[in-house]
K.L.:
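The following block contains the structure, expressed as structure tokens.
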Amino acid sequence: MNIYNEIHRLRSNGFSNSAIARKLKISRNGVIEYGKMSPDEFYLFAISLQSRSKTLGHSDGPKFVED
């Protein structure tokens, strides 16, 4: 089950946003935002996360300054 479905299932069972966040180990704001999305919007959001490139810092390496 994906996180979107789990959020909506827990909401329908009366869980608060805070309780859902603790149970799923995500932020309360994440619960709120995912809860506002339609299934199609969440699908597009999830796809966009998979296609993002990940970089750490600059590609030319660390800079050192001599005294």
Side-chain angles (χ1 to χ4, degrees):
M1 181 173 291
N2 70 37
I3 197 164
Y4 176 85
N5 290 332
E6 188 66 6
I7 288 169
H8 286 276
R9 185 185 72 76
L10 292 169
R11 276 188 168 177
S12 70
N13 288 325
F15 283 77
S16 68
N17 289 334
S18 295
I20 295 169
R22 282 191 301 274
K23 183 169 180 57
L24 300 180
K25 296 182 171 114
I26 63 173
S27 72
R28 187 178 62 84
N29 288 340
V31 172
I32 293 166
E33 289 303 313
Y34 296 158
K36 290 178 185 176
M37 293 180 187
S38 71
D40 289 337
E41 289 171 328
F42 183 79
Y43 174 77
L44 293 173
F45 170 73
I47 295 296
S48 75
L49 292 179
Q50 293 174 0
S51 63
R52 291 187 337 184
S53 63
K54 297 175 185 164
T55 60
L56 294 175
H58 299 286
S59 61
D60 57 352
K63 303 282 188 217
F64 296 98
V65 177
E66 292 185 32
D67 289 331

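Quick note: residue numbers are just sequence positions, from 1.
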K.L.:
Once rounded to the nearest 0.5 Å, what's the spacing between atom NZ of Lys23 and atom OG of Ser16?
P.N.:
12.5 Å
K.L.:
For Lys36 and Glu41, work out which heavy atoms get closest and say how close.
P.N.:
O-OE1, 4.0 Å
K.L.:
What is the distance from atom OH of Tyr34 to atom CG of Asn2, rounded to the nearest 0.5 Å?
P.N.:
10.5 Å
K.L.:
Taking all non-hydrogen atoms of both residues, which atom of Ser38 and which atom of Tyr4 are closest, and how far apart?
P.N.:
C-OH, 3.4 Å
K.L.:
Once you round to the nearest 0.5 Å, how far does NE2 of His8 lie from CD1 of Ile3?
P.N.:
10.5 Å
K.L.:
List the atom of Ile7, the atom of Ile26, and the distance in Å for their closest heavy-atom pair.
P.N.:
CD1-CD1, 4.0 Å
K.L.:
Rounded at 0.5 Å granularity, tell me how far CZ in Arg9 sits from CZ in Phe15.
P.N.:
7.0 Å
K.L.:
Side chains of Asn17 and Arg11: does their closest heavy-atom pair fall under 4.5 Å?
P.N.:
yes
K.L.:
Working to the nearest 0.5 Å, report the span between CG of Leu49 and CG of Leu44.
P.N.:
11.0 Å
